[in-house]
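One structure below.
Excluded from the calculations below are hydrogen atoms, water molecules and symmetry mates; all remaining heavy atoms, backbone and side chain alike, are included.
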Amino acid sequence: MASKFHHQMRLWSLWVANASLKLVKFSFLPQIWGRSRLLKRLFPILVLISFVTVLLVDNFTPVVAQLPRQEVRGVWMTNNDFNILKDRRKVQDAMNQLRRLNFNTVYPVVWNSGYVMYPSAVAQRAGIQPFVFRGSEGQDILADIINQAHRRGLLAIPWFEFGFMAPPTSELALNYPQWLTQKRDGSQTSISAAGEVVWLNPFHPQVQQFISNLVLEVVSKYNVDGIQFDDHMSLPHEFGYDKYTVALYRQETKNNPPANPDDPDWVRWRADKITAFIRQLNQAVKARKPNAIFSVAPNYYDFAYKLQLQDWLTWVRQNLVDELIVQIYRPDLQSFINNISRAEIREAQQVIPTGIGVMTGLRNQPVSIQQIQSQVRAAQQRGLGIAFFYYGSLWNYSSEPDERQAKFQALFPYPAIRARVQ
């Protein structure tokens, strides 16, 4: 919209300037000048309009680059995209495509299944990284993605996908059993979209230090524009009955944790502990890179708070979040619209860039371009940005990728500029 407006203002200024020049020419024709006193009276006004218009246009910056609520047009790049991410040429092609289609942000995964996706001294010291993910030419994959994104004007915000979650067979879980939390019955696993997982205890200081060290390593080592956490920077509400957390709760409240995991005070106590950690992490990131975007991509609020102890609305209200992407993976359009119209989303978009996570398909679960189009347009009508899950399913799984790309182009007909973090 800003680019279209800029173009129209240019045309208007040229028209006014041309009209003014014509009047200047007329001033050298006494017979016309004498006949038209009206033109003589209007000439100074037209000159002034021309001058002001050109001045404003020449100094015009697109509104999206000035407001804090910049439009997000992003895509997550996941482990499923690894065949692309490890190849420099394929990364280059991907960034070229995204730039051509007027995307402005990429979220490459850096923390998944208990392992990092970059050479990490923190992970090596913890003894959980016997190998390092590198590209086909031995390159640092994350550095390559960031560099190629920046060359094309895209923001690069690494995504700590698994948060406090890890597979039970990962070295992280096996080497640090004291870091794991549990349910009241003593079980330690739950079923997620990634399969059976365990949960690092978000209240344990060693867990908090480990996650903080990984995040600060990425922020310090790479030229990132920010970092992002999603719905796994949380804890399923059934957990928190491990020895460490029980003792901490007793110390602070003089009571045992309620047997009911949904007890409001017990939910609030655990959610507040996670909020306190997010505050510390935000402060640490800002100390290293003050302008870094601290992004979160949770589920809708009722679900996030009650079932995952993730009080992201408080994070927004306490200025701990610079960007919000709410995951709304619903095939039914009316359900999708109901969820993106929630009051807490409207509240967030008044203060920070806010978008909606839209599913574009999984390997065994394609999503039609018609569903994607209807959801994107519904979000855009409400002034919300978009982040797609995930890159490989945008068009690579389609039998007609060129046609599908053309329809993505129609969703974003004009560029939306996002300021780079310096």
Side-chain angles (χ1 to χ4, degrees), residues 72-113 117-118 133-137 139 141-159 161-162 193-195 228 230 297 325 327-331 336 355-377 379-380 385-413 415-416:
V72 177
R73 297 176 182 175
V75 61
W76 282 287
M77 307 190 84
T78 75
N79 278 15
N80 290 336
D81 297 311
F82 188 70
N83 286 336
I84 295 172
L85 303 182
K86 69 179 182 180
D87 187 309
R88 287 183 189 273
R89 173 56 70 82
K90 290 180 179 179
V91 171
Q92 178 179 335
D93 291 343
M95 298 305 162
N96 284 337
Q97 285 177 319
L98 294 173
R99 178 68 277 170
R100 181 173 58 82
L101 298 177
N102 291 324
F103 282 69
N104 59 24
T105 311
V106 293
Y107 303 99
V109 61
V110 291
W111 173 241
N112 178 289
S113 300
M117 305 296 289
Y118 63 94
F133 287 100
R134 287 194 177 275
S136 55
E137 301 174 28
Q139 75 271 22
I141 293 174
L142 180 57
D144 183 47
I145 295 170
I146 293 169
N147 291 338
Q148 296 216 44
H150 285 171
R151 287 173 192 157
R152 290 155 186 83
L154 302 168
L155 267 60
I157 301 177
W159 166 42
E161 180 183 8
F162 266 50
Q228 186 186 75
D230 62 13
I325 309 294
Q327 299 179 44
I328 308 292
Y329 300 146
R330 300 286 188 279
F336 178 86
I356 302 299
V358 171
M359 174 70 72
T360 50
L362 303 172
R363 284 179 175 174
N364 300 318
Q365 186 180 341
V367 173
S368 71
I369 188 62
Q370 290 76 23
Q371 176 179 313
I372 296 167
Q373 287 175 314
S374 63
Q375 292 186 351
V376 170
R377 286 169 180 154
Q380 289 174 330
I386 299 293
F388 295 111
F389 186 87
Y390 55 96
Y391 178 78
S393 65
L394 291 177
W395 45 76
N396 290 339
Y397 299 160
S398 170
S399 59
E400 299 176 322
D402 291 340
E403 178 184 348
R404 193 159 161 120
Q405 283 190 40
K407 291 182 177 179
F408 272 98
Q409 176 78 74
L411 293 175
F412 305 134

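Applying the side-chain hydrogen bond (donor to acceptor under 3.5 Å, both in side chains) rule to E403 yields the partners K407; only residues at least two apart in sequence or on another chain are considered. Applying the side chain to side chain contact (heavy atoms under 4.5 Å, CB included) rule to P158 yields the partners V110, L142, V218, V224; only residues at least two apart in sequence or on another chain are considered.
Using a 4.5 Å heavy-atom cutoff, the side chains of L155 and N104 are not in contact. Residues R152 and R100 are not in side-chain contact: their nearest non-hydrogen atoms beyond the backbone lie 4.5 Å or more apart. Residues F82 and I141 have side chains in contact (heavy-atom distance under 4.5 Å, counting atoms from C-beta outward). Looking at R73 and I386, their side chains never come closer than 4.5 Å, going by heavy atoms from C-beta outward. In this structure, the side chains of Y391 and N80 stay at 4.5 Å or more apart for every pair of heavy atoms.
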Practice task
Begin from the C-alpha positions of R151 and M95 and carry the test side-chain contact (heavy atoms from CB on, under 4.5 Å) through to its verdict.
Solution key: CA-CA 9 Å; R151 287 173 192 157; M95 298 305 162; over 6 Å; no

Problem - Pair I372-R404, side-chain contact (heavy atoms from CB on, under 4.5 Å): steps then yes or no - result: CA-CA 11 Å; I372 296 167; R404 193 159 161 120; 3.2 Å; yes

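Here the CH2-CG distance, from W76 to D81, works out to 13.0 Å after rounding to the nearest 0.5 Å. From Q97, atom CD reaches atom CZ of F103 across 10.0 Å, with rounding to the nearest 0.5 Å. The distance from atom CD1 of I145 to atom OH of Y107, rounded to the nearest 0.5 Å, is 14.5 Å. We find the CG-CD1 distance between L394 and I369 to be 8.5 Å, quoted to the nearest 0.5 Å. Remark: K86 NZ to D144 CG distance equals 14.0 Å, nearest 0.5 Å. Rounding to the nearest 0.5 Å places CZ of F336 at 10.5 Å from OH of Y329.
Using cut-offs of 30° and 60° on the angle between ring planes, the pair Y390 and Y397 is perpendicular.
Panel note: side chain Q380, backbone L411; a donor-acceptor pair is recorded below 3.5 Å. Between the side chain of Q327 and the backbone N or O of A297, at least one donor-acceptor pair lies under 3.5 Å.
Of the candidates N112, T78, D230, D230 is the only one forming a side chain to side chain donor-acceptor pair (under 3.5 Å) with W159.
Annotation for A194 and F162: closest pair CB-CZ, 3.7 Å, computed over non-hydrogen atoms. Across every non-hydrogen atom of M359 and V367, the tightest pair is O-CG1, 3.7 Å. A pairwise comparison of heavy atoms in I325 and I356 identifies CG2-C, 4.0 Å as the closest pair. Closest approach of A156 and A149 over heavy atoms only: CB-CB, 4.3 Å.
For residues 356-375, every residue pair satisfying the side-chain hydrogen bond (donor to acceptor under 3.5 Å, both in side chains) rule, not counting sequence neighbours, is listed here: T360-S393.
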